[in-house]
Chemist: 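Please find one structure pasted underneath; my questions will follow.
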There are 2 protein chains.
Amino acid sequence: MVMTIGTLGKATGTKAETIRYYEKIGLLPPPGRSGGNYRSYGEAELGRLSFIRRARQLGFSLDQVRALLELSEDRGRDCATVDALARGHLAEVERKIADLTALQRELAAMIASCHGGTVGSCRIIEALGPC
Amino acid sequence: MVMTIGTLGKATGTKAETIRYYEKIGLLPPPGRSGGNYRSYGEAELGRLSFIRRARQLGFSLDQVRALLELSEDRGRDCATVDALARGHLAEVERKIADLTALQRELAAMIASCHGGTVGSCRIIEALGPC
DNA sequence: GCTTGACCCTCTAGTTGCTACAGGGTGCAT
DNA sequence: ATGCACCCTGTAGCAACTAGAGGGTCAAGC
């Protein structure tokens with residue numbers, strides 16, 4: 001099964017530009033070319049790109065994806081490194097959730113304190129102003 | 001009270017580079033200069049920069065901060081616009097929290113399914129692989 | 001009065017992860 | 001043969017800074 005970049009893109013929910021970008025930064029190997037100099041992809045590339053996209057959806061950075069790809073190629077290796085990478089990412093996500101939740105509370109309190117009127121007496125602006 | 005950029009930075013928890021950046025994008029007006037061509041700031045700038053930093057800490061974008069600053073200058077105006085801006089931002093934060101929470105659940109499940117061993121049998125790698 | 005060190009200046013380029021052109025070539029159907 | 005959808009390369013842009021090069025300024029200490 002041979003695909004053009006557009007077909008591969010549709011199969012993985014990725015824009016052609018993004019695929020070319022992944023190639024440029026070395027996340028995808030340079031594929032073969034057709035007579036008209038079109039990139040041509042097969043099953044292997046489909047699998048690799050799916051992996052990348054899935055990991056991205058889970059919020060892994062491109063650097064983390066790169067590491068995961070490398071680790072996944074070495075099937076005999078202990079998977080503790082993979083585990084650590086995923087746990088590190090989870091911790092990061094949890095920290096972000098905590099930060100945003102604190103933010104949410106502050107914003108909600110600020111908004112609740114505003115009872116209309118003019119900017120001059122607005123509690124939201126006041127809350128942002130000099131302490 | 002006259003300050004150099006470094007002093008203003010310390011007072012507001014902002015790096016000098018960031019202050020110059022804010023000036024470049026028009027968030028802070030160009031300040032006066034000392035004999036040696038140093039930027040010199042007073043109370044007004046301290047207030048404005050504090051406002052900016054506080055809003056940034058609450059996750060408002062620079063464009064939103066710009067709008068808030070403009071609104072705050074017109075004390076007689078109805079504060080409904082301010083309120084709407086803040087509510088919009090809160091909604092955005094809440095959406096992000098929901099997204100991250102979904103992510104967190106997926107990551108945690110993935111990690112829980114991994115019971116050690118080699119990469120070849122690693123459930124994390126498997127979960128990322130082709131469906 | 002001269003040096004040392006901390007500070008300041010401008011300007012440019014890098015970060016992350018794409019996205020959007022501009023200015024072309026290819027391939028297939030009509 | 002001509003239109004249209006697709007492909008190619010290369011560059012520039014987004015947010016919100018951050019870091020560095022290559023200089024100038026100022027106060028203190030000797």
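We name chains A, B, ... by the order of the sequence lines, and we start the count at 1 in each one. All values below were derived from every heavy atom in this structure, side-chain atoms included, with hydrogens, water molecules and symmetry-related copies excluded. This one's a predicted model, so the numbers in the text were calculated from it and none came from an experiment.
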Chemist: Can you measure M3(A) atom CE to dG27(C) atom C1' for me and round it to whole angstrom units?
Modeler: 19 Å
Chemist: Going by an N to O cut-off under 4.0 Å, is there a salt bridge joining R48(A) and E43(A)?
Modeler: no
Chemist: Please figure out whether K24(B) or Y41(A) has its closest DNA chain D nucleotide nearer the 5' end.
Modeler: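 Its nearest nucleotide being more 5', the pick is Y41(A).
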Chemist: Any side-chain heavy atom of Y21(A) sitting closer than 4.5 Å to one from L27(A)?
Modeler: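 Y21(A) does not reach L27(A) side chain to side chain.
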Chemist: In whole Å, what is the span from the CZ atom of R66(A) to the P atom of dC18(C)?
Modeler: 12 Å
Chemist: Between K10(B) and R39(B), who's closer to the 5' end of DNA chain C by nearest nucleotide?
Modeler: K10(B)
Chemist: Between R56(B) and dC17(D), is there a side-chain N or O to OP1/OP2 distance below 4.0 Å?
Modeler: yes
Chemist: With a cut-off of less than 4.0 Å, is there a side-chain N or O of Y22(B) near OP1 or OP2 of dA16(D)?
Modeler: no
Chemist: Return the nearest nucleotide to the side chain of I5(B); candidates are dC8(C), dT19(C), dC8(D).
Modeler: dC8(C)
Chemist: Could you please name the option among dA16(D), dG17(C), dT9(D) that lies closest to any side-chain atom of L62(B)?
Modeler: dA16(D)
Chemist: Whole Å only: how far is the CD atom of Q57(B) from the P atom of dC17(D)?
Modeler: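 Between P of dC17(D) and CD of Q57(B): 11 Å.
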Chemist: Show your working on salt bridge (Lys or Arg N to Asp or Glu O under 4.0 Å) between R54(B) and E106(A) and close with a plain yes or no.
Modeler: CA-CA 12 Å; R54(B) 180 100 188 93; E106(A) 245 183 302; 2.6 Å; yes
Chemist: In whole angstrom, what separates Y21(A)'s OH from dG13(D)'s C1'?
Modeler: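 So the OH-C1' distance, Y21(A) to dG13(D), works out to 14 Å.
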Chemist: If the threshold is 4.0 Å, N to carboxylate O, is there a salt bridge linking E94(B) and R87(B)?
Modeler: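 Result for this pair is no, no salt bridge flagged.
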Chemist: Tell me which nucleotide among dC8(D), dC9(C), dT18(D) gets nearest to the side chain of N37(A).
Modeler: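 Out of dC8(D), dC9(C), dT18(D), the nucleotide with an atom closest to N37(A)'s side chain is dC8(D).
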Chemist: Does atom CZ of R75(B) have more than 12 heavy-atom neighbours from other groups under 6.0 Å away?
Modeler: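 No, CZ of R75(B) has 12 or fewer neighbouring heavy atoms, counting only those of other groups under 6.0 Å.
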Chemist: Nearest of dG17(C), dC6(D), dA19(D) to any side-chain atom of Y38(A)?
Modeler: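 In terms of side-chain proximity for Y38(A), the closest of dG17(C), dC6(D), dA19(D) is dC6(D).
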Chemist: Distance check needed: dA20(C) P versus I19(A) CD1, whole Å only.
Modeler: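 For the pair I19(A) CD1 and dA20(C) P, the rounded distance is 15 Å.
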Chemist: For dT10(C) and R33(B) - does any side-chain N or O of the residue sit under 4.0 Å from the phosphate oxygens OP1/OP2?
Modeler: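 R33(B) to dT10(C) OP1/OP2: side-chain N or O found under 4.0 Å.
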Chemist: Rounded to whole angstroms, how far apart are CD on E17(B) and C1' on dG14(C)?
Modeler: 14 Å
Chemist: By the 4.0 Å heavy-atom rule, please label I25(A) as base, sugar-phosphate, or nothing.
Modeler: nothing
Chemist: Around atom CZ of R53(A), are there more than 12 heavy atoms from other residues, nucleotides or ligands closer than 6.0 Å?
Modeler: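 Yes - once you tally the heavy atoms of other residues, nucleotides and ligands closer than 6.0 Å, there are more than 12.
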Chemist: Heavy atoms under 4.0 Å, any strand shown: does R20(A) hit a base, just sugar-phosphate, or nothing?
Modeler: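 Base contact - R20(A) has a heavy atom under 4.0 Å of at least one base atom.
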Chemist: Measure from CG on L8(B) to P on dC8(C) and round the result to the nearest Å.
Modeler: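 Spelled out: CG on L8(B) to P on dC8(C) is 10 Å.
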Chemist: Could you tell me whether S34(B) contacts a base, only the sugar-phosphate backbone, or nothing, with contacts defined as non-hydrogen atoms closer than 4.0 Å?
Modeler: nothing
Chemist: OP1, OP2 of dT19(C) versus side-chain N and O of T18(A): anything below 4.0 Å?
Modeler: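 Result: yes.
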Chemist: Which of the following nucleotides, dC8(C), dT10(C), dT18(D), is nearest to the side chain of K15(B)?
Modeler: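 Shortest atom-to-atom distance from the side chain points to dT18(D).
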Chemist: May I have the distance from L58(B) (atom CG) to dA16(D) (atom P), rounded to whole angstrom?
Modeler: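 One finds 14 Å between P of dA16(D) and CG of L58(B), rounded.
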